[in-house]
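Some notes on the structure that comes next.
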Amino acid sequence: MSTMKAKSNRPKVNPFQRRPAKGKGNVVSFNDADDADEDAEVRNRELKSKDDLKLNARKLLQVRTTLPVYQNKDVILNHLIENPVTILIGETGSGKSTQIPQFLLDHLYSTKQHGSIAVTQPRRVAAINLATRVAAEHGCNVGKQIGYSVRFDNTTSGKTRLKYLTDGMLLRELMMNKKLNEYSVIIIDEAHERTVLTDLILGFLKALINGPRPDLKIIVMSATLQAERFSAFFNDAPVIFVEGRKFDVSQYYLTAPSDDIVDSVIRTVVQLNQGEPLGDILCFLPGQEEIDKAVIIMEKISGIIHRETSVPLMIPLPLYAALPPAKQAIVFAPIKGFKRKVIFSTNIAETSVTVSGVKYVVDSGLRKVKVWRHQLGLATLLTVPISQASAEQRSGRAGRESEGKCYRLYCEKDFKKLPAQTEPEIARSDVTSPVLMLKRYGVKDIVNWTWFEYPGKEALVMALQELYQLGALDDFGDITKKGEQMALLPVQPHLSSVLIQANASDCLSDVIDVVSCLSVENLLLNPLPEQRDEVNERRLMLCNGGKKYGDLIMMKELFDVYFYELGKGASSTSERQSWCKELCLSYRGFKNVIKIRNQLRMYCGRLFEGSQLAASEEGEELGEGISANSERIARVLKCFLVGFSKNTAIGMPDRSYRTVATGETISVHPSSLLFLNKSCPSIMYIEYVFTTKGYARNVSRIELEWLQEVVVNGNAVAKERSTA
DNA sequence: GAGCACTGC
C-alpha cells in the first residue's frame, strides 16, 4: 500500500497513512444525551395543550419523513409483521429507535390489536429522551400513549402502549410477570453493546417464544454487524439492514507504533491544531491517570504555542466519570473565539455522552476494563487494546455534525489484528446476581439455560457456591425463602443478605443508610493532590466512628450530617452544596443516596413483616448519632460480616493484612479512611480489586471476636442446616 | 499513595 500524507504541510513527526473514508461505525443517534437526567425528568412533566402538541407533531413529521427508516416504512413494517423475530441492523441516524416502534404502534392501533410495545435501552437517559422525542412526534404528552420506565421514575399510565425502559427494568418486570403478558412486541435496542442485562433478556425472550409465548414478537436492533450471531440464536431469524445518515470520517494511522501514548496524543493534537480548520478535538485515553497527565502537559504548552505561532488556543479539558459534575459540564459548553477544546476522555465519550462540536478524534486504541477472576473472587483492572467495532465507534464521534478526521495512534496492520467485537461483558463478570435472578425466575438447570452467551462453567459454579453460602440456595440448589427476598431487593446479593441480617439484628435503618451510600458510585470524590490532606483531615474531624471503624461507619456519619443536620430550613440546598464541596463529596451523589434509601426502606417495609420503615422526611430530628455508640457500630458491622465474611483479612505483626480466604497479602486502598491506620486486628472490605497490587476498598475495622462470632459460628449454623 | 463504563418492581 502506498503511503501518502494527508496534508502536504504536515510536519514529519507522527506521519499518518491515509485510508479512504468509510464513514461507518457511529452507533448512537440523537438519543444519547448529555448528562441531563434530572432536567429531562422535570421537562417531561410539563404538560402541553392538545393543539400545541398536534402542531408540533406536524412540524416534526417533516423531519421524520427524511429519515432512511421512514422512507422504507412499508417494506420494513411488512417484514416485521410477517416474521416472529427480526434482526434489524441500522446505522446511526437511520431513525430506527424512534420510528420502528411508532410504525408498530400505528399498526397495533389500525388493526385494533391488544398488547403494548416495550423498547429496552441500556441507559436511563436514552430511555427518557427517546420517549420524550417519540411522544412529541406522536403528538402526546409523555406518560400518555407513550411513556418510559426507569429506576425512580415511571411515567407510564393505563393508556401507555409504547414504553421505553432500561433493560434492568424489563428484567424486573420479568421477575414479576414471567410471561410478559402485557406486551405483544419487545424491541431490544443497542443489542450490540452486549451488556450483561441485554444478554440476559435475550435468553429470557428465547425461552419465552419457545415456550409459553409463541405469539410474542421480538425485534433485535443493533448498530454493528453482529447480525449472524443474533439471527442464529433466534432460529435463523431474518436480518434487515437500514442505512444511516452520517458524515464521512477519514482515518489516519501511525506508520510506526508509539511507546508513550500520552506523548503521542499530545504531538498529534499540536500538529492537528496547526494544520486543520477550527473544530474541537476529542482524545480517547485509557484512564484518569493518562488524562490528568495530558491535561497538565497541554496547559503548559498551549499558551506558548498560541503566542508564538498564531494558531488557535487549545483549551485542554478532562472528561471521566469520577470528575465532579460541575467540571464535566465545562466540556459541553461551546467555546467562542480563536480557540478549540481539546477533550481528553475515557470511554465515557464513546457511548454514554456526546460532545457537540467535535470534528477530530485522536484514538489511543486503549481502554481500561474490569475483569472478574472467579477463582480468586477479585476484580482486576486492565489496560487493553480496543476492538475494531470500538475503534469505529470512537472515530464516528468526529462525524456527527460534518465530515471529520480520526487519528489512530497505532498502525493499520495492528488495527486489522484487533478483535472485531469487544468481548461481551458477561464473559468477564461476576454472575452471582444473574444466577440468583434465574433461580428466582424458576430456572432449575442453570447450565443448560438459553444463554445468549454462556458465561462458562467455572463462573456458574462459583456463583452457585456464593449463593449457597449466602443462604440463598439450599442443598438441592433450589432457591430459599431468603433467596427470594434477596432477589427482590435492588442491590447486589451480598448487600441484600446484609439487609436481611440487619432486619433480624434490629438495625435495619442504620444499615440501609450505609447500603444506600455504597450503592452510589463516586459519592466520595477524589480531592486534588494539593487538597488531599486537608480534605482527609476534615473528613476525620467529622467522623469519629469512621476514624476508628473505617469507611462504612464514615458513610453513615456523613449521611447523618447531610440528611439531618443540613436538611433543615430554606438554605438547606446551598448549605449542603458547600458542605459537600468542603469535604469533596458529590452533592448529586447524595441526592441519589436519598432516592435509593427511600426505595430500600419501601421494599424492606414490604418484605419484612413488622419492620416499620417509612420514607422519612429530610431534616427531621436525629436521635443519638452513631459516632459514640460502639455497641450500635458493632451491630451494624456484624451484619455486613454476614454478607462479606469471604472479604476479611487478618492483621499481621508486620502490619500487613492476609486474606482469610486465600492467605494473600492485601493492602488497604489509599482512598480508605483506614489507609494510615495500621492497628486493626482484622478488616472487612466490600471490594477486592487488583491494579498494581491487591487493594481492599471500602474497608472496616473488625474485632477478632466478631469474626469468631459471625463467621465461625455462622459456618457452624450453615453446616447444621446442610446436615439436617 | 490510587480511581474503565453502565444499571435495578
Side-chain angles (χ1 to χ4, degrees), chain A residues 32 35 37 120-127 149-154 156 165-177 182 190 193-198 200-201 284-292 318-323 345-353 364 366-371 379-384 386 390 422 425 428-429 433-434 436-437 440 487-493 495-496 519-527 529 532-533 536 584 592 595-596 599-600 602-603 606-607 667-672 675-676 687 689-698:
Chain A
D32 255 11
D35 194 21
D37 237 76
T120 70
Q121 294 291 324
R123 280 170 294 278
R124 289 169 51 95
V125 209
S149 170
V150 300
R151 193 182 189 184
F152 309 128
D153 195 11
N154 183 347
T156 60
L165 72 179
T166 46
D167 38 24
M169 215 60 175
L170 186 68
L171 277 168
R172 285 283 148 184
E173 291 192 6
L174 262 160
M175 296 297 113
M176 297 301 115
N177 178 351
E182 185 190 332
E190 313 283 13
E193 287 192 24
R194 302 293 312 275
T195 68
V196 172
L197 301 184
T198 307
L200 287 175
I201 288 176
F284 287 98
L285 282 163
Q288 187 179 330
E289 193 187 335
E290 293 84 357
I291 289 167
D292 290 342
L319 179 61
Y320 43 80
L323 209 62
S345 172
T346 60
N347 243 359
I348 192 170
E350 194 177 302
T351 45
S352 306
V353 300
S364 68
L366 298 169
R367 64 169 184 144
K368 276 199 175 179
V369 62
K370 208 172 191 172
V371 179
T380 50
L381 205 51
L382 306 170
T383 300
V384 297
I386 59 172
S390 175
T422 306
E425 196 188 5
R428 51 179 172 82
S429 299
S433 193
L436 180 61
M437 211 179 270
R440 168 65 176 60
L488 294 179
L489 288 165
V491 291
Q492 61 160 113
L495 286 175
S496 56
S519 302
V520 171
E521 204 86 7
N522 302 320
L523 179 65
L524 282 83
L525 303 165
N526 314 309
R532 191 205 294 146
D533 294 336
N536 279 343
C584 206
N592 271 326
K595 284 186 187 171
I596 294 171
Q599 193 180 42
L600 287 176
M602 192 170 77
Y603 285 18
R606 277 194 225 146
L607 218 50
S667 308
V668 175
H669 195 276
S671 65
S672 171
F675 177 65
L676 294 170
E687 208 186 358
V689 192
F690 196 97
T691 50
T692 47
K693 55 180 175 175
Y695 283 110
R697 298 193 63 187
N698 287 320

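To find a chain, count down the sequence lines: A is the first, B the second, and so on, and within it residues start at 1.
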Nearest-angstrom distance from the residue atom CD of A:Gln492 to P of B:dG8 | 16 Å
For B:dA2, does OP1 or OP2 lie under 4.0 Å from any side-chain N or O of A:Tyr695?
-> yes
What is the nucleic acid contact for A:Leu489, judged by heavy atoms within less than 4.0 Å: base, sugar-phosphate only, or nothing?
-> base
Using a cut-off of less than 4.0 Å, is there contact between a side-chain N or O of A:Thr691 and OP1 or OP2 of B:dG3?
-> yes
Do the side-chain N and O atoms of A:Glu350 and A:Ser390 include a donor-acceptor pair separated by under 3.5 angstrom?
-> yes
Taking the side chain of A:His669 as heavy atoms from C-beta outward, which of B:dT7, B:dC4, B:dA2 is closest to it?
-> B:dA2
Is there a donor in the side chain of A:Asn522 and an acceptor in the side chain of A:Tyr320, or the other way round, less than 3.5 Å apart?
-> no
Between B:dG8, B:dG1, B:dA2, spot the one nearest the side chain of A:Phe675, thanks.
-> B:dG1
Under 4.0 Å between a side-chain N or O of A:Ser671 and OP1 or OP2 of B:dA2?
-> no
Counting side-chain heavy atoms from C-beta on, which of B:dA2, B:dA5, B:dG1 comes nearest to A:Glu425?
-> B:dA5
Under 4.0 angstrom between A:Gln288 side-chain N/O and B:dA2 OP1 or OP2 = no
Per nearest nucleotide of DNA chain B, the residue lying toward the 5' end, A:Leu607 or A:Asn536, is A:Asn536
Name the closest nucleotide to the A:Ser352 side chain, picking from B:dA2, B:dC6, B:dG8.
-> B:dC6
Where each residue is assigned the nucleotide of DNA chain B containing its nearest heavy atom, which of A:Asn522 and A:Gln599 is assigned the position nearer the 5′ end?
-> A:Asn522
The side chain of A:Tyr603 lies closest to which of these nucleotides: B:dC4, B:dC9, B:dG8?
-> B:dC9
Could you please name the option among B:dT7, B:dG1, B:dG8 that lies closest to any side-chain atom of A:Arg123?
-> B:dT7
Pairwise side-chain contact, A:Ile291 with A:Thr346, heavy-atom cut-off 4.5 Å (strictly under) = yes
Among B:dG1, B:dG8, B:dA5, find the nucleotide with the atom closest to the side chain of A:Val150.
-> B:dG8
